[in-house]
Amino acid sequence: MDFNTLDHLFYQKNTVSLAKVLLGSLLVNESDEGITSGFIVETEAYLSKNDPACHASKGKTKRNAVMFGPPGRAYVYFIYGNYYCFNVVSAVEGIGEAVLVRALEPITGVELMKKRRGDHHKITNLTSGPGKLCSAMGIDRKYNNVVLNKPPLYLIEGRTVKRSRIEISNRIGITQATDKPLRFSIKDNPFLSR
DNA sequence: CGGGAGATGGGCT
DNA sequence: GCCCATCTCCCGA
């Protein structure tokens, strides 16, 4: 590969730090249908302690086991009967934390994204939400537990985002622990989930 | 446009 | 049987 994939050590850091530093990096999926990619513009941190919104908060189960595995892997889960959410496992093995990727700025394979999502969508509606971006990128349960440093699914260095351009707010779409400032987004980016 | 209801299926009590 | 880290459509303005 002729690019700089992010390696194991990159992911082995505290989850809030990873959620911030993932902003601006490029998520790539080389699928059988073609290549899609996009810059990450919105993330959320899910923590193991004092965070009832986190899937891992009540201990390890079959569903959330990947969260407790080594950092730098994909935790993909199915939700609301229709959608997938893509997370990057963080911290160190055994802890149970991850970063939810909530929105991308589409870069490669926009036509394929439209084919997967529906042709009538505006480009700002292709990947502006966790379920939408999984659909557009072709990420489903097969990708759960894959290592994110090689094809098909990987992250590479992208844009540098200055601290002053990162907006911090409460997490979205959850019913518990809604008051924690664990959502990170690139200020005024047109591809945010809201 | 903005808000709200409904779809949908896996996981857990 | 109820909950859920969602999305789309449809309605009223």
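Note on naming: letters A, B, ... go to the chains in the order of the sequence lines (proteins, then strands), and numbering restarts at 1 for each one. Bear in mind that the values here come from a model prediction, so they are computed numbers and not experimental data.
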Next item on the list: Kindly indicate, with the supporting measurements, whether the criterion side-chain contact (heavy atoms from CB on, under 4.5 Å) is fulfilled by A:Asn144 and A:Tyr77.
Entry: CA-CA 7 Å; A:Asn144 191 35; A:Tyr77 66 89; over 6 Å; no
Next item on the list: Decide side-chain contact (heavy atoms from CB on, under 4.5 Å) for A:Asn87 and A:Val76; before the verdict, give the C-alpha distance in whole Å, the side-chain angles of both, and the deciding distance to 0.1 Å.
Entry: CA-CA 6 Å; A:Asn87 297 252; A:Val76 179; over 6 Å; no
Please produce a list of atom pairs where a protein N or O lies less than 3.5 Å from an N or O of nucleotides 9-13 of chain C.
none

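For A:Lys132, the side-chain hydrogen bond (donor to acceptor under 3.5 Å, both in side chains) test picks out A:Asn125, A:Ser128, with sequence neighbours left out. Applying the side-chain hydrogen bond (donor to acceptor under 3.5 Å, both in side chains) criterion to A:Tyr84, with sequence neighbours excluded, gives A:Arg141. Looking at residues two or more places apart in sequence or on another chain, you find no side-chain hydrogen bond (donor to acceptor under 3.5 Å, both in side chains) involving A:Thr124.
Stem regions annotated for DNA chain B: B:1-7 with C:6-12, B:9-12 with C:1-4, counting only runs of 3 or more consecutive pairs of Watson-Crick or G-U type with both contacts under 3.5 Å.
Sparse packing is recorded around CG of A:Asn50, with 12 or fewer heavy atoms of other residues, nucleotides or ligands lying under 6.0 Å away. Applying the 6.0 Å contact sphere to NZ of A:Lys115 captures no more than 12 heavy atoms from other residues, nucleotides or ligands.
To the nearest 0.5 Å, atoms CG (A:Leu112) and OG (A:Ser31) are separated by 6.0 Å. A:Ser185 OG to A:Leu192 CG: the interatomic distance, rounded to the nearest 0.5 Å, is 5.0 Å. Note that CD1 of A:Ile166 and CG of A:Leu23 are 5.0 Å apart. Values are rounded to the nearest 0.5 Å. Atom CG of A:Asp179 and atom CD1 of A:Ile174 lie 8.5 Å apart (nearest 0.5 Å). With rounding to the nearest 0.5 Å, the separation of OG in A:Ser169 from CZ in A:Phe184 is 8.5 Å.
Taking only side-chain nitrogens and oxygens, A:Arg117 comes nearer than 4.0 Å to OP1 or OP2 of C:dT8.
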Checklist line | Sugar-phosphate or base contact per nucleotide [nucleotides 8-13 of chain B; S, B, -; heavy atom under 4.0 Å] | finding: BBS-S-
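To the nearest angstrom, C1' of C:dA5 lies 11 Å from CD of A:Glu42. Atom CZ of A:Arg194 and atom C1' of C:dC7 are 12 Å apart (whole Å).
Scanning residues 171-191 of chain A for heavy-atom distances under 4.0 Å to DNA chain B yields an empty list. Listed in residue order, the members of residues 95-111 of chain A having a heavy atom less than 4.0 Å from DNA chain C are A:Leu100, A:Arg102. Near DNA chain B, meaning a heavy atom under 4.0 Å away, there are no residues from residues 49-57 of chain A.
Donor-acceptor pairing under 3.5 Å is lacking for the side chains of A:Ser90 and A:Glu97.
Residue pairs satisfying the salt bridge (charged side-chain N to carboxylate O under 4.0 Å, His left out) criterion with at least one member in residues 163-177 of chain A, sequence neighbours excluded, are listed as follows: A:Asp51-A:Arg171. Counting only residues at least two apart or in different chains, salt bridge (charged side-chain N to carboxylate O under 4.0 Å, His left out) contacts with residues 57-85 of chain A are absent.
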N/O donor-acceptor pairs under 3.5 Å from side chains in residues 32-47 of chain A, not counting sequence neighbours:
| from | atom 1 | to | atom 2 | distance (Å) |
| --- | --- | --- | --- | --- |
| A:Glu33 | OE1 | A:Arg116 | NE | 2.9 |
| A:Glu33 | OE1 | A:Arg116 | NH2 | 2.9 |
| A:Ser37 | OG | A:Thr108 | N | 3.3 |
| A:Ser37 | OG | A:Thr108 | OG1 | 2.7 |
| A:Glu42 | OE1 | A:Ser193 | N | 2.8 |
| A:Glu42 | OE1 | A:Ser193 | OG | 3.2 |
| A:Glu42 | OE2 | A:Arg102 | NE | 2.9 |
| A:Glu42 | OE2 | A:Arg183 | NE | 3.0 |
| A:Glu42 | OE2 | A:Arg183 | NH2 | 3.2 |
| A:Glu42 | OE2 | A:Ser193 | OG | 2.8 |
| A:Thr43 | OG1 | A:Ala19 | O | 2.8 |
| A:Glu44 | OE1 | A:Tyr46 | OH | 2.7 |
| A:Glu44 | OE2 | A:Ile172 | N | 2.9 |

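Put simply, the side chain of A:Ser25 gets close to the backbone of A:Leu22: a donor and an acceptor are under 3.5 Å apart.
Tested against A:Phe86, the residues A:Leu27, A:Val99, A:Leu100 include a single side-chain contact (heavy atoms from CB on, under 4.5 Å) partner, A:Leu27.
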